[in-house]
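Structure first, commentary second.
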Amino acid sequence: MSSYPFHDVEKYWQSYWAERNTFATPNDTSKPKYYVLDMFPYPSGAGLHIGHPEGYTATDIIARYKRMKGFNVLHPMGWDAFGLPTERYSMTTGIHPSVATANNVATFKRQLSMLGFGYDWNREINTTLPEYYKWTQWMFLLLYNSWYDESLRKARPIEELQIPEGTDDVEKFRDEHRLAYIAMIPVNWCEELGTVLANEEVDEWTGKGYTVERRPMRQWMLRITKYADRLLDDLQFVDWVQSTKEMQEHWIGKSEGAEIEFPILGTEDTVRVFTTRPDTVFGATYLVLAPEHPFVTDIVTEEQQEAVKEYQHAAVLKSDLERTGLAKEKTGVFTGGFALNPASGEMIQVWIADYVLAHYGTGAIMAVPGHDERDHEFATQFGLPIIQVVAPPDGSVLDINESAFTENGISMDSQNAELKLTGLTTSEAKKEITQWLERKGIGKKTIQFKLRDWLFSRQRYWGEPIPIIFFEDGTKRALTPDELPLMLPDVADFKPAGTGESALATVESWVNFIDPKTGKRARYETNTMPQWAGSCWYYLRFADPHNNERFVGNDIEKYWMGTEPNSGGVDLYVGGAEHAVLHLLYARFWHKVLFDYGYVSTKEPFQKLFHQGLILGEDGEKMSKSRGNVVNPDDIVAEHGADALRLFEMFLGPLEATKPWSSKGIDGVVRFLNRSWRLMMTEDRTLSPNVQDIPLTDEQNRMLNATIKKIGEDIEQLSFNTAIAQMMMFVNEFTSAEIKPRSAMEKYVLCLASFAPHIAEELWKALGHTSSVALESFPSFDERALVQDTIEIVLQVNSKIRGKANAPAEATQDELEQIALANADVQKHIEGKDIKKKIIVPGKLVNFIVG
RNA sequence: GCCCGGGUGGCGAAAUCGGCAGACGCACAGGACUUAAAAUCCUGAGGUGUGUAAGCACCGUGUGGGUUCAAGUCCCACCCCGGGCACCA
C-alpha cells in the first residue's frame, strides 16, 4: 500500500489558500478576537532551521483551532531584518543588505508557505522598510521628547518639564531629563569589527577570537531605569512562565536599604554609601570606594598617591568580565585617608577596590566584614578589623574571624549616646537606625535597582537612522514627525568608518547638509539603532500594518489588544527562552511609554507567554553545522510532507521541553497520517465505499467524543503531544471497523484539521464538502457519551492489587464491598484473616487491610 | 556560589485531586498476506525469579529516609543533568 499523495495534496491546498485569501483577517469587531503571535524571525541566509517550525506549528494549531471556535484570529508573520549578520554578509560579498534581506525573506516566506502556516500575508511587516522604520523613529522621538514625572509615575512631554529658577542652560537641563539622551560612557569597543558591542554580544565575539576593550564613547541611552519599579510591579498582570518572570525580576534587581554619609577626616566632605544592612553600621570597620569614585583624588594621601594611581589605571584597563569574572581574588589599595563611622564614632580606613562597582548604588560601601562575605574576605586578606554586631537568633556563639554571619539575627554591641540597636531584631534595627539617620540628616531609606539604562546606539549601517540633527554651533534638533522617515542612504561600502562611527559617517552627501528648516549647516547622527528597536513594537503594527497616519489606529489597537489596562494585550506570545530578559523587557518598556501617552490601552503588551523548547540533533547535541547533525526542514517536507513534519514536531514531547530529533520517529506520524487517509480513502483518491451513514456503536461513540474533548482541552493547554496520541487511538479504533460511520469521520477530520491541515482539507473535500475545512466549526462533544455503565475497579488486599472486577459506575460503597468480597482472588488473600480496615473509593478501588 | 527547571522501559514519552506506573509512538519479536521482500494488517512485550503452560512470586519512576491503607505524585536530606545570574553591598 502506497502512502497518500502528500506532494500533490499539499501543493494544491497551499495555492488554494493563497488564491482565496483563506487566512485574511478582517478587523471584524463583531467577533471576539484572539491574537496569537510568534517572535518574528531574523531572516538569515541559511533559511529556516528545524527549530522554527516548532513554535510556528504550535501557534498555527492554536490559530486554526480558535478560528474554528468562532474567534477572529490574528496570526501574523514578519521580519526582524536589521542587524549585524546581514551587514557582515554585505561587507564580504558587496551585495547590498536590502538585497540580501529581500532574498532571505523570499526564502523564509517560501519555506513557511511550504509548511502550511495560515498567516495573513496582507499584514506582513519588515522592520527594514522605510514605511515601518518611520514609526520606529517616531517612537524614538517620543522617547527623546519625554521626561519621566516621578510624582505622577509617567512619561510627559519635555515641554512640560518645570525648569528651575536660575537655570542658565535650559537645553542642557532638558537633555538631562529626556528618556533618550547622549552620554559618554565606557563601552565595549571592538577594533576589528570597528564597532561597539552590547554586553550580551561581547561573549559571542570574544569567543570567536576578537578582542574587546573598554572605551568611553558618545552614546545614545534610553532611560529605562525610570520604569524599573513599574516593569517589576506590572509582572503581576501577566500570565508568563514563572522562571521568566523571575529572570526579569532578578535583572531589574530591586533592593531596599539606606544611604549613609561618612565624614572624611580632615575635610568637609562626606562619602555616601549604599547598604541593605544599615543595622550593621556599628560593625563597619572600613570604607571601600570604587576605583573610579570621584572622591578618590581628594582623599588619597601623598604616600599612597602612586599606589592608588597605579591601581586605578589597572582597573580601567580591565574589562567588566575580568573585573568580575574568573579572578575571584580580591585586590585593593589603602588611600591613606580616614573616615568617621557616624554611629560608633570610630576612625576607619578608606580603601579603593574593584569589588565595589562604580555604577551601582553610590559607588562606595561601608565594609562590614563580620556580616558580609565579600567584606570578610577582603578584611582577612588585608588584615582589617572584623567585629560582630549581630548574633544568631538562636543565641549560638560563633567565631566571627572564621566566617561572616550574613543572616538576620539580634543586634549586639550596637549603641551610642543617642541610639541603641542592641537587642533588636534585624528588621527592628533597620527601622530604628534609619529613623536615627534621617533625624540626624546623615542618611535616608533608599531603593536601588540593578537595571541600568539601555545603551541604544550602534556604530552600524544596517539599522534605523536616529532622527537627530547636529548643527555646527553645537546645538541639535530632533526631526519632526512630518520629516520622517529619515531614510537610510545607499552606500557601496558597509564597513564602519573605523573611527567609532558607522559607515554613514563616510557618506558625505548624506551626512553633511544644510537644514532646510533652520538654514544652518548640519550633520545627521551617524549612529543607528540596535536590532531590539524594531521588535519593541512590531506586535502593534500587525494590527494595522498599512496605516500611514499612525503606527496603529486607536480603535484597531483597542480591538486587538483590549481595553482593560490590567489585562489584555497579545493573547498568546510564543518564542524562545533566550529572549526571556532583553527583548521582552525592552518591549514592555516602550509599551509603557506608549501607555503613558494613551497610544495603547493596556499596561502590558503580552498577556500569556510561552517558550518552546530547543530541538536537538539526533545525537542529543545542539544542532550545528560543525557537528553535522543539522536537520533541514526542506528535506523532511520533500520526503514526508509538511503535515508529517508539523505533526512530528508536536509529537516529539511537551512543547516546552528540550528534545532530540529522531529520523526514525517521524515514521510513526507518517504511518498515522497514512492510516487516517486509508480510513476513508480508496487507492485512487476517492472516498471509500466503506464510509457510510451508519450509527456508531457505544464504544465508537465514546471514542469519538473522548477524542473531541481531549483535543480541545489539550490544544488549550498547548499539550499537543497528548492530543496527537488521542487521535492515534481514534484511528486505531476505527481501523478495525469494517464500515466507517460517516459522522465520526467528519468530526475526526475537523479535529485533525488544525494539526495536519493539508490532508484534512483533502479528506474534507472527499467527504463531499466544497469549502475549506479551516472555516468550519470545531465539533462539540456529548458528555453523556463518555459515561460508562460499568467500570473496572481495583481490588486490593493490604494495599496490593489482588484482582479486578467490573462494577456499575453508580455502585455504592456497600455494593463495591460485596463485589470485592465475592471475588475469588480477593477471597484467596483474606481467607482465615480478620478484616481490620476497609478503604472503599467509589469508581476506583476497594482495599481490605487484613491481619 | 545563588535562583529556576528536570531525572520514569532499549529510545521519545504518558499518568486531573495521592488510588491499576509505562497511554501513544519508535525500535524489537511472532503471525497473516506475498514466489520473495517492502508496505499493510493482527498479536506480544518494564525487570528478575519460577513453571511444560495458563500462571505465580518478588522488584521497579535518580539515591537515602519519612508521612499514608496507598507515593512517580506530599515532606526532609543528598546526587546528577539543563538553563539563568554571578563581587549589585
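Just so we're on the same page: letters track the sequence lines, and every chain starts at 1.
Atom pair Glu649(A):CD and G25(B):C1' shows a separation of 16 Å (rounding to whole Å applied). For the pair Leu679(A) CG and C41(B) P, the computed distance is 11 Å after rounding to whole Å. Whole-Å rounding puts the Met247(A) CE to G82(B) C1' distance at 13 Å. Atom CD of Glu733(A) and atom C1' of C24(B) are 15 Å apart (whole Å). Rounded to whole angstrom, the span from the CE atom of Met728(A) across to the P atom of C41(B) amounts to 13 Å. Distance, Lys800(A) NZ to A70(B) P: 11 Å, rounded to whole Å. The interatomic distance linking Phe755(A) (CZ) with C24(B) (C1') rounds to 14 Å, in whole Å. With rounding to whole Å, Asn674(A) atom CG is found 7 Å from U40(B) atom P.
Looking at residues two or more places apart in sequence or on another chain, you find no ring-ring contact (aromatic ring centres under 6.0 Å, His included) involving Trp240(A). In this structure, Phe405(A) has no ring-ring contact (aromatic ring centres under 6.0 Å, His included) partners at least two apart in sequence or on a different chain. Scanning for ring-ring contact (aromatic ring centres under 6.0 Å, His included) contacts around His611(A) gives an empty result, with sequence neighbours left out.
Comparing atom distances between the Asn732(A) side chain and each of C24(B), C69(B), C3(B) picks out C24(B) as nearest. In this structure, the nucleotide among G19(B), C24(B), A27(B) sitting nearest to the side chain of Ala725(A) is C24(B). Of the candidate nucleotides A27(B), U40(B), G19(B), U40(B) has the atom nearest to the side chain of Arg678(A). When distances are taken from the side chain of Ser799(A) to each of C85(B), C42(B), C69(B), the shortest belongs to C69(B). For Arg675(A), counting side-chain heavy atoms from C-beta on, the closest listed nucleotide (A89(B), C42(B), G19(B)) is C42(B).
At the heavy-atom level, Glu373(A) lies nowhere under 4.0 Å from the strands shown. At a threshold of 4.0 angstrom between heavy atoms, the contacts of His579(A) with the nucleic acid are absent. Among the heavy atoms of the strands lying under 4.0 Å from Thr275(A) are primed sugar atoms or P, OP1, OP2 only; no base atom is included. Looking at heavy-atom distances under 4.0 Å, Ile849(A) makes contact with sugar-phosphate atoms alone, never a base. Nucleic acid contact class of Ile801(A) (heavy atoms, under 4.0 Å, all strands): sugar-phosphate only. Residue-level contact check: Lys844(A) touches the backbone only, with heavy atoms under 4.0 Å from sugar-phosphate atoms and none from bases. When heavy atoms are screened at a 4.0 angstrom cut-off, Glu656(A) is found touching no nucleic acid atom at all.
Looking only at distances, a side-chain donor or acceptor of Glu618(A) sits under 3.5 Å from a matching main-chain atom of Ser663(A). Distance alone, capped at 3.5 Å, is enough to place a donor-acceptor pair between the Asn847(A) side chain and the Ser799(A) backbone.
The pair Arg277(A)-Asp279(A) meets the salt-bridge criterion, since a charged nitrogen lies less than 4.0 angstrom from a carboxylate oxygen.
Here Phe734(A) and Tyr748(A) keep their ring centres 6.0 angstrom or further from each other.
Closest approach of Ile819(A) to Ala805(A), counting heavy atoms only: CG2-CB, 3.8 Å. Closest non-hydrogen pair, Phe262(A) versus Ala339(A), comes out as CB-CB, 4.4 Å.
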Enumerate all atom pairs, one protein N or O and one N or O from nucleotides 66-68 of chain B, separated by less than 3.5 Å.
none

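Here the CZ-CD distance, from Arg646(A) to Glu54(A), works out to 13.5 Å after rounding to the nearest 0.5 Å.
Applying the 4.0 Å criterion to OP1 and OP2 of C20(B), one finds that Arg802(A) has every side-chain N and O outside that range. At the phosphate of A70(B), neither OP1 nor OP2 sits under 4.0 Å from any side-chain N or O atom of Asn798(A). Under 4.0 angstrom from either OP1 or OP2 of A89(B) there lies at least one side-chain N or O belonging to Tyr360(A). Contact annotation: Arg671(A) does not reach the phosphate of C24(B) (side-chain N/O to OP1 or OP2, under 4.0 Å). Using a 4.0 Å cut-off, no side-chain N or O of Arg272(A) falls inside it from OP1 or OP2 of A89(B). The phosphate of A89(B) has neither OP1 nor OP2 within less than 4.0 Å of any side-chain N or O from His359(A).
Annotation: G22(B) and A14(B) have their C1' atoms spaced 7 Å apart (nearest Å). To the nearest whole angstrom, the two P atoms, one in C81(B) and one in A23(B), are 30 Å apart. G60(B) and U48(B) have their C1' atoms separated by 10 Å, with the value rounded to a whole Å. Taking atom P on both A27(B) and U40(B), the two are 10 Å apart, rounded to the nearest angstrom. Across A70(B) and C11(B), the matching P atoms stand 31 Å from one another, rounded to whole Å. Comparing U73(B) with G6(B), their P atoms sit 13 Å apart, to the nearest whole Å. For G49(B) and G84(B), the C1' atoms lie 48 Å apart once the distance is rounded to whole Å.
Glycosidic torsion of C17(B) falls within 90° of 0, placing the base in syn. Applying the 90° criterion around 0 to the glycosidic angle, G60(B) comes out anti.
If Ile724(A) and Gln796(A) are placed on RNA chain B by their nearest nucleotide, the residue sitting closer to the 5' end is Gln796(A). Comparing Leu451(A) and Gly665(A) by the nucleotide of RNA chain B that holds the closest heavy atom to each, the one mapping nearer the 5' end is Gly665(A).
Counting only Watson-Crick and G-U wobble pairs whose two key distances fall under 3.5 Å, RNA chain B forms stems of three or more stacked pairs at B:1-7 with B:79-85, B:10-12 with B:24-26, B:28-32 with B:40-44, B:46-50 with B:55-59, B:62-66 with B:74-78.
A cation-pi geometry, defined here as NZ or CZ lying under 6.0 Å from the six-membered ring centre and within 45° of its normal, does not hold between Lys838(A) and Phe848(A).
You won't find any donor-acceptor pair under 3.5 Å spanning the side chain of Lys836(A) and the base of C69(B), going by distance alone.
Note: Phe382(A) and Trp351(A) have tilted aromatic rings, judged against thresholds of 30 and 60 degrees for the angle between ring planes.
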Practice problem: If a protein heavy atom is under 4.0 Å from the base, mark B; if only from the sugar-phosphate, S; if neither, -; do that for nucleotides 4-16 of chain B going 5' to 3'. | Solution: S-------BSS--

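Applying the side-chain contact (heavy atoms from CB on, under 4.5 Å) test between Asp643(A) and each of Ile759(A), Leu752(A), Val669(A) identifies Ile759(A) as the sole match.
Donor-acceptor pairing under 3.5 Å is lacking for the side chains of Ser411(A) and Ser414(A).
Put simply, the side chain of Lys836(A) does not reach to within 4.5 Å of the side chain of Val850(A), judged on heavy atoms. At least one side-chain heavy atom of Glu713(A) sits less than 4.5 Å from a side-chain heavy atom of Lys709(A).
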